[in-house]
Amino acid sequence: MRRRKGPSPGRNQRPAQALPTPRAPSAQTPFEREQTTKRRGEISELAFALAAARQGFGISRPYGDSERYDIILDCPTNDPSQVFPVIPNRAEGAVRNLLFAPARPRLIRVQVKATTQVVEGLYRVNAHRRINGTAVPYKLSEIDFIAAYVIPEDSWFIIPLAHILGQTSLLFRPKKSRRPCPYAAYREAWHLLHQPDGLEFA
């Protein structure tokens, strides 16, 4: 009589043979979700630092995590000491005074935000901090820019905080969308970090 090869149909596999059951994302503990979000934020900050360095900025980070901003950009072309006259006010052939063009501060505070979350076909980015569980928008005294990173598209939105004051979330349309996006002008808008365009800085 020939013996049947392999385990009997009614015999359970030994623990060493059983494959581990993967845990569904929704089954993550609150600590695991927090760690995943924190790691994603850290990687996004590194990605921003690399992208900004390629744009010619010096990169610094605040000591500790008590500040609202994640990255400090040093832009040599935004030197406030290098003001220049733009409107000579002449009276009786003499220059009485000169008005000077405002210069963008050389050090720029940037809060980096990243997302993979899609809400009704739009990428949602949180543009706030939390105080006692309540979403609170950033102030001009805290940061100058929000750099929003849409991870699935590897896209950056460089947004001056003065343009979105009071908002706690931002919605971005995918690149392939044909519908207009209110933030389309900010996609890869690294030039806004250089231009002295009259934004108010605290």
Side-chain angles (χ1 to χ4, degrees), residues 37-38 40-62 65-78 80 101-131 134-202:
T37 302
K38 184 177 181 180
R40 183 174 62 194
E42 292 170 347
I43 294 174
S44 299
E45 290 173 22
L46 289 173
F48 175 79
L50 176 60
R54 287 174 172 169
Q55 298 290 329
F57 291 97
I59 311 296
S60 299
R61 286 179 55 86
D65 57 1
S66 299
E67 304 298 338
R68 300 302 183 190
Y69 50 87
D70 298 314
I71 300 287
I72 301 171
L73 298 183
D74 184 355
C75 182
T77 62
N78 295 346
R104 173 69 58 80
R106 178 166 177 166
L107 298 181
I108 303 169
R109 303 161 298 176
V110 181
Q111 168 65 224
V112 179
K113 297 291 186 179
T115 187
T116 58
Q117 183 183 14
V118 178
V119 178
E120 297 182 356
L122 303 175
Y123 291 106
R124 183 178 186 273
V125 173
N126 293 327
H128 62 260
R129 65 193 193 282
R130 288 198 173 273
I131 298 180
T134 302
V136 178
Y138 290 103
K139 302 176 183 178
L140 287 173
S141 59
E142 296 172 331
I143 66 173
D144 302 317
F145 279 80
I146 284 182
Y149 186 35
V150 179
I151 296 175
E153 298 193 349
D154 191 25
S155 292
W156 288 99
F157 289 82
I158 310 300
I159 305 176
L161 182 65
H163 291 188
I164 55 170
L165 276 179
Q167 297 189 43
T168 57
S169 64
L170 307 171
L171 296 174
F172 303 100
R173 292 196 179 279
K175 290 180 180 179
K176 63 181 180 181
S177 176
R178 296 183 179 180
R179 301 183 63 182
C181 173
Y183 301 106
Y186 301 105
R187 188 188 292 271
E188 307 298 341
W190 299 93
H191 62 280
L192 292 179
L193 296 167
H194 294 275
Q195 294 179 354
D197 53 2
L199 298 181
E200 178 182 353
F201 284 78

Using every non-hydrogen atom in the two residues, find where [X] and [Y] come nearest and quote the distance to one decimal.
X	Y	result
Ser44	Ile151	OG-CD1, 4.2 Å
Ala51	Trp156	CB-NE1, 4.2 Å
Pro174	Gly121	CD-O, 3.4 Å
Arg173	Pro180	NE-O, 3.0 Å
Leu192	Pro160	CD1-CD, 4.0 Å

In the structure I gave you, are the side-chain heavy atoms of [X] and [Y] within less than 4.5 Å of one another anywhere?
X	Y	result
Asp144	Leu161	no
Ile71	Ile59	yes
Leu73	Leu107	no
Glu45	Arg61	yes
Val110	Ile143	no
Phe57	His194	yes
Pro137	Leu165	no

Please walk me through it: do Val118 and Tyr123 pass side-chain contact (heavy atoms from CB on, under 4.5 Å)? CA-CA 5 Å; Val118 178; Tyr123 291 106; 3.6 Å; yes

Hey, mind stepping through Asp154 and Tyr149 against side-chain contact (heavy atoms from CB on, under 4.5 Å) and telling me if it holds? CA-CA 7 Å; Asp154 191 25; Tyr149 186 35; 2.6 Å; yes

Under the salt bridge (charged side-chain N to carboxylate O under 4.0 Å, His left out) criterion, do Glu153 and Arg187 qualify, and how do the steps go? CA-CA 11 Å; Glu153 298 193 349; Arg187 188 188 292 271; 3.6 Å; yes

Just how far is it from atom OH of Tyr138 to atom CD of Gln167, taken to the nearest 0.5 Å?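 Between atom OH of Tyr138 and atom CD of Gln167 there are 14.0 Å.
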
At what distance, to the nearest 0.5 angstrom, does SG of Cys181 lie from CG of Leu171?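 Reported value, rounded in 0.5 Å steps: 9.0 Å.
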
CA sep, side-chain torsions, deciding dist, call: Val136, Arg130, side-chain contact (heavy atoms from CB on, under 4.5 Å): CA-CA 6 Å; Val136 178; Arg130 288 198 173 273; over 6 Å; no

Partner of Lys113 by side-chain contact (heavy atoms from CB on, under 4.5 Å), out of Asp70, Ile146, Leu170: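 Only match with Lys113 under side-chain contact (heavy atoms from CB on, under 4.5 Å): Ile146.
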
Test side-chain contact (heavy atoms from CB on, under 4.5 Å) on Arg129 and Glu142 and set out the steps. CA-CA 11 Å; Arg129 65 193 193 282; Glu142 296 172 331; 3.2 Å; yes

Counting the benzene-type ring for Trp, do His163 and Phe145 have ring centres under 6.0 Å apart?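 No, the ring centres sit 6.0 Å or more apart.
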
Residue among Tyr186, Phe172, Tyr183 satisfying ring-ring contact (aromatic ring centres under 6.0 Å, His included) with Phe157: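 Running ring-ring contact (aromatic ring centres under 6.0 Å, His included) over Tyr186, Phe172, Tyr183 with Phe157 returns exactly one hit, Phe172.
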
Is it true that, when you exclude Lys175 itself, more than 12 heavy atoms of the residues, nucleotides or ligands shown sit nearer than 6.0 Å to its NZ?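 Result for NZ/Lys175: enclosed.
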
Indicate yes or no for a side-chain donor-acceptor contact from Thr115 to the backbone of Arg124 under 3.5 Å, with no hydrogens or angles considered.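 Checked: pair present.
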
